[in-house]
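A short write-up of the structure that comes next.
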Amino acid sequence: MSIFPHRPRSAEMAISEHELSGLTRELDDLHESTFPQVRKALDELTANLGHVVAKPSTRRGFFLGAAGAVALGAAAACSGGSSGAPKPSGSAPAVPTSPPAPPETYTGDLKVVALATALENLAVSAYSGALQKAGAGQLGTVPPAVATFIQTAMKQHSDHAQAWNAVLAKAGKPTINDAPLSITQDQVNMLNAATSVPDVAKLALNLENVAAQTYTFATANVTDVGGIMTAATIQPVETMHAAILNFILGQYPIPDSFIGIGNSLKPDMLTVK
Amino acid sequence: MQNKIDEGRFRELLEESDDLQSDAMRTARTGLNDYVEAAREACVSAGRDASRWGTVAAAAGVAGGVMLLSSPTAWAAAGDDVAALQTAAGLENLAVLTYQTALTLPFVGGSSANPVVKAFATKTMGQHSEHAMAFNAAVQRLGGKPQTGSDPKYAEVVKAAVPKLKGAADVIGLAITLEDVAAQTYVKDVGLVTTAELRQLFASVAGVESQHKAILLAVQALVKANQPQLIALPPDIAKLPAAAGSVGFPDSFYPTTMAAPVEEGAIR
């Protein structure tokens, strides 16, 4: 899947496919050791999502209120006047007391899941497009470390997208295999205009920061503990990508003491209903 | 280590970073204040009728966790929140002490130190200090005692390691352990604390600790490869080994198996 135009690859990259495959295998081994925890969280999320009432929240979240944003992930627990604390996975389903759900496909926590899936797909496409441009010699010589970074980050974003899509599929919703976001066209334009490794690194850095902030936002606005934990385990990975990209760009790698939410994607930036 | 840094440019980068950081800190403080304000209001009104609570809280836009505070079981939950914050502060205090100690060593803070490593240790120490202040501010505003000591379990680890620190690689290895434990703890705490605002606070800090770990892993790889001259800002990216591009983020999902228990650094 790529939202960017495909271009023929050439031998411009300074790292062999064999080397990349070896690195990817090693990472896969490491990844396998952590994925079971995430799979458990995702399974719990899927089980609970069937019980989430698809009603937009009317309460003003503190952070959202400050940002003037619409609250996400309203749950039966909130609309019923009880706690907004994480709903324990495996707990008894909440009884809907609200009017019927609006006709949107993705509502409540599932809207956040859809948003995250689209954002991960956008990141995969951006890195894939960068590799294609590199292969076509359109970025100059790509240093081995940059090539490895792109391959590895792309694989991890693909893992994230697959995880979120599995939730959508199990919830009976259409999976999202592209990037239906209001920011996508701008990112495509930026990648098309990129002519160097720093151009691509800046684009990627922006996407990683947006992803990290979106997941930070999600931890406070998803209602299911499985969904909260999935967002919580992905967010640090995106911030790590950002740190390495800052280093590659010659910038201080950890500029902030706290990850903010000012640049997080909001649900209304998802363009699919 | 070979000095390959433009110190003037590096200072500029640090200043720019400080400006950005101040903006982020303001956001975090706002969030923290909101959380604390909500929790305090809950405490003051704890004896009121629960249904009135729901109305007040909803009208004020208070997160659901606040409503939890109006019942006896809710106080237990709030206690866990305080314990989690105290444990976090203990981990942060230990990190500050460890970097402080490391900076007294010649190969981290002295004449033979790589300036990038020295600047990183200094800046990172400051960031941990801010995290400790944020966690302790929340503890105090919630009526708990601030944790001014260090996490007991990892304080022993540091105590045992310090006499054996013979080079930058030893310090980096120790720092990676502390950063990783902190990040894993906060990731896990996101799923344990009772309010949206605290979840966001823990996530906000977890993302930064994991960044520390990422850079330390990359630096460790260069030191182990006997290429410390490549630890520079800006780096000579053409010369960086391929693995330097990926060694900093080994997992697709951040693990939590090494997370410190909520009570580990709690005080009564």
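Below, chain A is the first sequence line, B the second, and so on; all start at residue 1. Because only heavy atoms are used, hydrogens play no part in the values below, and waters and symmetry mates are left out as well, while side chains stay in.
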Worksheet item: CG/Leu233(B) to CD/Gln251(A) distance, rounded to the nearest 0.5 angstrom?
Response: 9.5 Å
Discussion item. Using only atom types and a distance under 3.5 Å, with no angle test, would you say the side chain of Glu130(B) pairs donor to acceptor with the backbone of Phe258(A)?
Written reply: no
Worksheet item: Of the non-hydrogen atoms in Ala232(B) and Phe247(A), which two are nearest, and what is the gap between them?
Response: O-CE1, 3.5 Å
Worksheet item: When rounded to the nearest 0.5 angstrom, what is the spacing between CZ in Phe249(B) and CZ in Phe149(A)?
Response: 4.5 Å
Worksheet item: Can you tell me how far the OG atom of Ser210(B) sits from the CD atom of Gln235(A), to the nearest 0.5 Å?
Response: 6.5 Å
Discussion item. Please check: side-chain N/O of Thr148(A) versus main-chain N/O of Ala242(B), any donor-acceptor pairing under 3.5 Å?
Written reply: yes
Response to the item:
Counting heavy-atom pairs under 4.5 Å with chain A, the top scorer among Gly207(B), Ala214(B), Gly126(B) is Gly207(B)
Practice prompt. Measure distances from His212(B) to the heavy atoms of chain A and classify the residue's part below 4.5 Å as side chain, backbone, both or neither.
Written response: both
Discussion item. Would Asp159(A) and Phe253(B) count as a side-chain contact (heavy atoms from CB on, under 4.5 Å) here? Give the steps.
Written reply: CA-CA 9 Å; Asp159(A) 288 343; Phe253(B) 300 89; 4.2 Å; yes
Discussion item. Any non-hydrogen side-chain atom of Leu240(B) less than 4.5 Å from a side-chain atom of Pro143(A)?
Written reply: no
Worksheet, complete the sentence: For Ile248(A) and Ile237(B), the nearest pair of non-hydrogen atoms, with its separation, is O-CG2, 3.9 Å
Item to complete: Rounded to the nearest 0.5 Å, what's the gap from OG1 on Thr216(A) to CG on Leu201(B)? Could you check?
Response: 11.0 Å
Fill in: 4.5 Å side-chain heavy-atom contact, Ile215(B) and Met240(A)
no
Discussion item. For Gly260(A), is there any backbone N or O sitting under 3.5 Å from a side-chain donor or acceptor partner on Gln200(B)?
Written reply: no
Practice prompt. Answer yes if the side chains of Gln211(B) and Thr239(A) hold a donor-acceptor pair under 3.5 Å, and no otherwise.
Written response: no
Worksheet item: Do Phe120(B) and Ile254(A) have side chains that get closer than 4.5 Å, going by heavy atoms?
Response: yes
Discussion item. Could you walk me through whether Tyr252(A) and Lys123(B) satisfy the side-chain contact (heavy atoms from CB on, under 4.5 Å) test, starting with their C-alpha distance in whole Å, then the side-chain angles of each, then the deciding distance to 0.1 Å, before giving a yes or no?
Written reply: CA-CA 10 Å; Tyr252(A) 191 76; Lys123(B) 173 87 175 171; 3.1 Å; yes
Response to the item:
In terms of heavy-atom contacts, Ala220(A) and Ala196(B) come closest through O-CB, 3.2 Å
Discussion item. Please find the pair of heavy atoms, one from Gly250(A) and one from Pro235(B), that lie closest to each other, and give the distance.
Written reply: CA-CD, 4.0 Å
Discussion item. If we define contacts as heavy-atom pairs under 4.5 Å, which of His157(A), Met229(A), Gln213(A) has the most with chain B?
Written reply: Met229(A)
Worksheet, complete the sentence: Distance col, row Ser252(B):OG vs His160(A):NE2, nearest 0.5 angstrom, shows 5.0 Å
Worksheet entry | Minimum heavy-atom distance Arg199(B)-Val222(A), with the two atoms named | NH2-O, 3.6 Å
Worksheet entry | Nearest-0.5 Å distance that lies between atom CD1 in Ile259(A) and atom CD in Glu209(B) | 10.0 Å
Discussion item. Quick check on the interface: out of Ala183(B), Ala238(B), Gly245(B), Gly248(B), who has the most heavy-atom pairs with chain A under 4.5 Å?
Written reply: Gly245(B)
